[in-house]
K.L.:
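Mind looking over this structure? Questions follow.
Source: prediction; values computed, not measured. Labels below follow one simple rule: chain letters A, B, ... track the order of the sequence lines, proteins then strands, and each chain is numbered from 1.
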Amino acid sequence: MSSSFQAPKGVSEYVPPRSAAFLAARDAYARAVTRAGYGYIELPVFEDTQLFARGVGESTDVVTKEMYSLTDRGGRSLSLRPEFTAGVVRAVLEHGLHKGQLPVKLWTTGPAFRYERPQSGRYRQFYQVDLEAIGTEDPAVDAETIAVAFDWYRELGLTRQRLLLNSLGCRECRPAYRALLQEFLRGLPLDAATQARAEVNPLRVLDDKRPEVRALVADAPLMIDHLCAACKAHHDTVRERLADLAIEWVDEPRLVRGLDYYMRTAYEFEHPLLGAQSGIGGGGRYDGLSEDIGGPPLPGIGFGLGLDRTVLAMEAEGVAATAQRACDVYGVPLGEAAQRRVFTLVAELRRAGVAADMAYGGKGLKGAMKGADRSGARFALILGERDLAEGVAQVKELATGEQTAVPLDDIVTILKGKVR
RNA sequence: GUGGGCGUAGCUCAGUUGGCAGAGCACCAGGUUGUGGUCCUGGGUGUCGGGGGUUCAAGUCCCCUCGCUCACCCCA
């Protein structure tokens, strides 16, 4: 052990060279959503605990046992965000964004927190990229969110992800179906925990991954067969729009998302190379969420995609970006006076738009040249007392070994021309 | 929350029936007091995760604990 401290249990951290893929993925996401007309929103990492309780749902595992909650010095109960959507909707309402043109299209990214047992691809602090389109029921927007996610995956070089699609019904048709399902489940020999879940949130029982439970619910009634006319029309249009974009999906009538606010469209992106935590992202429609948290009726659709899992998927597919040292020129000073001159030359090169670095720590020539080599720079800028006296520096092209003396006053101009 | 596997150098790992902590890579220095990659020489850089116990002696055996990991559950 190298220090008496370790990172808290279960957090994800990225250090070079792996961090390059993380950053590349996040940058690519910003480009993809910006192209699609989504504006950036920066949110607090913690919110009033009640926002999540009422938004995400009192009965969900996320709220009942996975939140990092604390009481601040003012006696307020705050919780680290376990997901993004509730906070985005809260901010939209608070700033009145929904009073302008609709839909309000927003994106954000950052860490979220859930107290769970860590596992491959599952962390207590994990990262998501998020997208929300608020203020329209238009099913084309449902399809747009999926298309944006796919464009991002494609830009990252991922090819193996699958889209699972379902409709969870709405306030009109779900209650009747829910009662029907509940009745069915009560007749099954389920274990106590599952039986309890059947009472609180029967749809989630359908999503159980245990084979014995799967077998029991094989003949359960499905929401998709009990959608009201409006929900069915909505769902059909979403599917039609996806087909228009040549986006492939798998109808998964048992797909149920773990957060209470989802209604109508629900979807999940799955990657086959990730083991148990194969869901790399998920989203859906949350037309009742605004009202749940005390706002006006305001439909919405959005997703959260796991950055950690996306990076794992990139690594699994062998398309993860590797750290690239963006260095054009590397300064190699010999002696104190030269070090001082190289230090300013490097700064001037940077100001001129040339990526530059130099050897620090009074390294010998050999060590400094080694640093030049490892930096990936095209040119080494070598300066010793002898050069200094002559008013020149040695510019060495590292690939060829070719070296020329260049007047100090021309260094920046000449190197700027060479690296272009 | 429940179960399985694993913790030895920066990394990947070896370490016999308990007997002086090792290898490869990486790193540092030198060969060359002004020239990198290749090569040669030298250097181990360590709380064997932590604590306790057994023993003449523990990396090795026992207990506890922390962490990592895989699966259940849940989900990103």
K.L.:
Does any N or O donor sit under 3.5 Å from an N or O acceptor when you compare the side chain of Glu66(A) with the base of C73(B)?
P.N.:
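No.
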K.L.:
Expressed in whole Å, how much space separates the C1' atoms belonging to G24(B) and U45(B)?
P.N.:
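Looking at atom C1' only, G24(B) and U45(B) are 16 Å apart.
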K.L.:
Tell me which nucleotide, if any, is Watson-Crick or G-U wobble paired with G67(B) when both distances must be under 3.5 Å.
P.N.:
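G67(B) is paired, partner C6(B).
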K.L.:
Considering only the C1' atoms, how many Å lie between C13(B) and C6(B), rounded to the nearest integer?
P.N.:
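The answer is 13 Å between these two C1' atoms.
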K.L.:
Look at all strands and tell whether Gly401(A) reaches a base, only sugar-phosphate, or nothing, counting heavy atoms closer than 4.0 Å.
P.N.:
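Counting heavy atoms under 4.0 Å across all strands, the contact made by Gly401(A) includes a base.
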K.L.:
What nucleotide, of C70(B), A76(B), U35(B), holds the atom closest to the side chain of Lys396(A)?
P.N.:
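When the side chain of Lys396(A) is considered, U35(B) is the closest of C70(B), A76(B), U35(B).
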K.L.:
Determine the Euclidean distance between corresponding P atoms of C63(B) and C27(B); express it in Å to zero decimal places.
P.N.:
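Pairwise P distance, C27(B) against C63(B), rounds to 42 Å.
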K.L.:
Give Phe269(A) one of three labels, base, sugar-phosphate or nothing, depending on what nucleic acid heavy atoms sit under 4.0 Å from its own.
P.N.:
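Nothing: the residue Phe269(A), judged by heavy atoms under 4.0 Å, touches no strand.
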K.L.:
Round to the nearest Å and state the distance from Arg124(A) atom CZ to A76(B) atom P.
P.N.:
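Spelled out: CZ on Arg124(A) to P on A76(B) is 18 Å.
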K.L.:
Does the structure show a Watson-Crick or G-U wobble partner for A26(B), both distances under 3.5 Å? Name it, or say none.
P.N.:
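Base partner found: U45(B).
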K.L.:
Starting at the 5' end of RNA chain B and moving along, which residue's nearest nucleotide shows up first, Gly281(A) or Leu365(A)?
P.N.:
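That would be Leu365(A).
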K.L.:
Looking only at side-chain N and O atoms, does Lys9(A) come under 4.0 Å of OP1 or OP2 in C68(B)?
P.N.:
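So the side chain of Lys9(A) is within the cut-off, an N or O lying under 4.0 Å from OP1 or OP2 of C68(B).
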K.L.:
Judged by modelled atom types alone, do Asn201(A) and Ser59(A) share a side-chain donor-acceptor pair under 3.5 Å?
P.N.:
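Asn201(A) vs Ser59(A): no donor-acceptor pair found between side chains.
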K.L.:
Quick check for you: among A71(B), G34(B), A76(B), whose closest atom lies nearest to any side-chain atom of Phe126(A)?
P.N.:
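The answer is A76(B), which lies nearest to the side chain.
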K.L.:
Does the C74(B) base have a donor-acceptor partner in the side chain of Arg257(A) within less than 3.5 Å?
P.N.:
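Answer is no: no donor-acceptor pair is held.
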K.L.:
Do the side-chain N or O atoms of Gln119(A) get closer than 4.0 angstrom to the phosphate oxygens (OP1, OP2) of C70(B)?
P.N.:
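No, Gln119(A) has no side-chain N/O under 4.0 Å of OP1/OP2 on C70(B).
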K.L.:
Between A21(B) and U16(B), how many Å separate the two P atoms, rounded to a whole number?
P.N.:
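After rounding to an integer number of Å, I get 14 Å for this pair.
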K.L.:
Counting the atoms with a prime plus P, OP1 and OP2 as sugar-phosphate, which does Gly121(A) contact under 4.0 Å by heavy atoms, base, sugar-phosphate, or nothing?
P.N.:
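Base, at least one base heavy atom under 4.0 Å.
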K.L.:
In the structure shown, which nucleotide is the Watson-Crick or G-U wobble counterpart of C73(B), with both distances under 3.5 Å?
P.N.:
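Across any shown strand, C73(B) pairs with none.
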K.L.:
Mind checking Gln403(A) for me? I need base, sugar-phosphate or nothing, with any heavy atom below 4.0 Å counting as a touch.
P.N.:
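Base contact.
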K.L.:
In Å, rounded to the nearest 0.5 Å, how long is the span from OH of Tyr286(A) to OH of Tyr262(A)?
P.N.:
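Here the rounded value is 8.5 Å.
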K.L.:
Any donor-acceptor pair, under 3.5 Å, between the side chain of Glu116(A) and the base of A76(B), if you only look at N and O atoms?
P.N.:
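Such a pair is found, so the answer is yes.
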K.L.:
In this structure, how many angstroms lie between the P atom of A76(B) and the CG atom of Asp130(A), rounded?
P.N.:
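That distance rounds to 11 Å.
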K.L.:
Determine whether the side chains of Asn166(A) and His235(A) contain a donor N or O and an acceptor N or O closer than 3.5 Å.
P.N.:
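Note: Asn166(A) and His235(A) side chains miss the donor-acceptor criterion.
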K.L.:
When you compare the side chains of Gln277(A) and Gln119(A), does any donor N or O come within less than 3.5 Å of an acceptor on the partner?
P.N.:
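Short answer, yes.
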K.L.:
Between G46(B) and A23(B), how far apart are the two P atoms, rounded to whole Å?
P.N.:
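Approximately 15 Å lies between the P atom of G46(B) and that of A23(B).
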K.L.:
What is the separation between atom CG on Leu255(A) and atom C1' on C74(B), rounded to the nearest whole Å?
P.N.:
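About 14 Å, once rounded to whole Å.
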K.L.:
Using heavy atoms to find the nearest nucleotide of RNA chain B for Lys366(A) and Lys370(A) separately, return the residue whose nucleotide is more 5′.
P.N.:
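Looking at RNA chain B, the more 5' nearest nucleotide goes with Lys366(A).
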K.L.:
Only one of Arg160(A), His271(A), Gln161(A), Met314(A) passes side-chain contact (heavy atoms from CB on, under 4.5 Å) with Tyr153(A); say which it is.
P.N.:
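Between Tyr153(A) and the candidates, side-chain contact (heavy atoms from CB on, under 4.5 Å) is satisfied uniquely by Gln161(A).
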K.L.:
Just call it for Gly361(A): base, sugar-phosphate, or nothing, with non-hydrogen atoms closer than 4.0 Å on any strand.
P.N.:
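No contact at all - Gly361(A) keeps every heavy atom at 4.0 Å or more from the nucleic acid.
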K.L.:
What is the separation between atom CG on Asp61(A) and atom P on C73(B), rounded to the nearest whole Å?
P.N.:
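Value for this atom pair: 12 Å.
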K.L.:
From G34(B), A71(B), C74(B), pick the nucleotide closest to the side chain of Arg117(A)?
P.N.:
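Given the options G34(B), A71(B), C74(B), the side chain of Arg117(A) is closest to A71(B).
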K.L.:
Using a heavy-atom cut-off of under 4.0 Å over every strand shown, decide if Asp387(A) touches base, sugar-phosphate, or nothing.
P.N.:
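Base contact - Asp387(A) has a heavy atom under 4.0 Å of at least one base atom.
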K.L.:
If I pick the P atom on U65(B) and the same atom on G1(B), what distance separates them, to the nearest angstrom?
P.N.:
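It works out to 13 Å between them.
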K.L.:
Could you state the NE2-C1' distance from His271(A) to C75(B), rounded to the nearest angstrom?
P.N.:
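Taking NE2 of His271(A) and C1' of C75(B), I get 17 Å after rounding.
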K.L.:
Which is true for Arg197(A) with a 4.0 Å heavy-atom rule: it touches a base, it touches only sugar-phosphate, or it touches nothing?
P.N.:
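The residue Arg197(A) makes sugar-phosphate contact but no base contact.
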K.L.:
May I ask which nucleotide in the shown strands pairs with U16(B), Watson-Crick or G-U wobble, both distances under 3.5 Å?
P.N.:
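Answer to the pairing question: none, since U16(B) forms no Watson-Crick or G-U pair.
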K.L.:
Once rounded to the nearest 0.5 Å, what's the spacing between atom OH of Tyr330(A) and atom CG of Leu398(A)?
P.N.:
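Here the interatomic distance stands at 11.0 Å.
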K.L.:
Counting only side-chain heavy atoms from C-beta out, which of U35(B), G34(B), G1(B) sits nearest to Tyr115(A)?
P.N.:
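The listed nucleotide nearest to Tyr115(A)'s side chain is G1(B).
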K.L.:
If you check every side-chain atom of Ser120(A), which of C70(B), A76(B), G34(B) has the closest atom?
P.N.:
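The listed nucleotide nearest to Ser120(A)'s side chain is C70(B).
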K.L.:
Using atom CG of Asn201(A) as one end and atom C1' of C74(B) as the other, report the distance to the nearest whole Å.
P.N.:
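After rounding, the reported distance stands at 13 Å.
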K.L.:
Between Arg122(A) and Glu116(A) (salt bridge meaning N to carboxylate O under 4.0 Å), is one present in this structure?
P.N.:
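So Arg122(A) pairs with Glu116(A) through a salt bridge.
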K.L.:
Using only modelled atom types and a 3.5 angstrom limit, is any donor from either the side chain of Gln394(A) or the base of U35(B) paired with an acceptor on the other?
P.N.:
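Checked by distance alone, the answer is no.
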K.L.:
When the C1' atoms of G59(B) and G51(B) are considered, how many whole Å apart are they?
P.N.:
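16 Å, rounded to whole Å.
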K.L.:
Between the base of C74(B) and the side chain of Arg122(A), is there a donor and acceptor pair under 3.5 angstrom?
P.N.:
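Counting by modelled atom types and ignoring angles, a donor-acceptor contact under 3.5 Å is found here.
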K.L.:
Rounded to the nearest 0.5 Å, how far does CD of Gln128(A) lie from CZ of Arg81(A)?
P.N.:
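One gets 9.0 Å once the value is rounded to the nearest 0.5 Å.
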K.L.:
Taking atom types as they are modelled, is there a donor-acceptor pair under 3.5 Å from the base of G36(B) to the side chain of Asp373(A)?
P.N.:
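Such a pair exists between side chain and base.
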K.L.:
Under a 3.5 Å threshold, yes or no: a donor from one side chain and an acceptor from the other, between Asp191(A) and Thr194(A)?
P.N.:
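Present: a donor and an acceptor within the cut-off.
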K.L.:
Nearest whole Å is fine: how far is U32(B) P from Ile382(A) CD1?
P.N.:
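In whole Å, U32(B) P lies 19 Å from Ile382(A) CD1.
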K.L.:
How long is the line joining OH of Tyr261(A) and P of C75(B), in whole Å?
P.N.:
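Going from OH in Tyr261(A) over to P in C75(B) covers 11 Å.
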K.L.:
With a 4.0 Å limit, can you tell me whether Arg309(A) has a side-chain N or O closer than that to the phosphate oxygens OP1/OP2 of C75(B)?
P.N.:
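No, outside the criterion.
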K.L.:
Using the C1' atom as the point on both nucleotides, what is the distance between G22(B) and U60(B), in whole Å?
P.N.:
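Those two atoms are separated by 15 Å.
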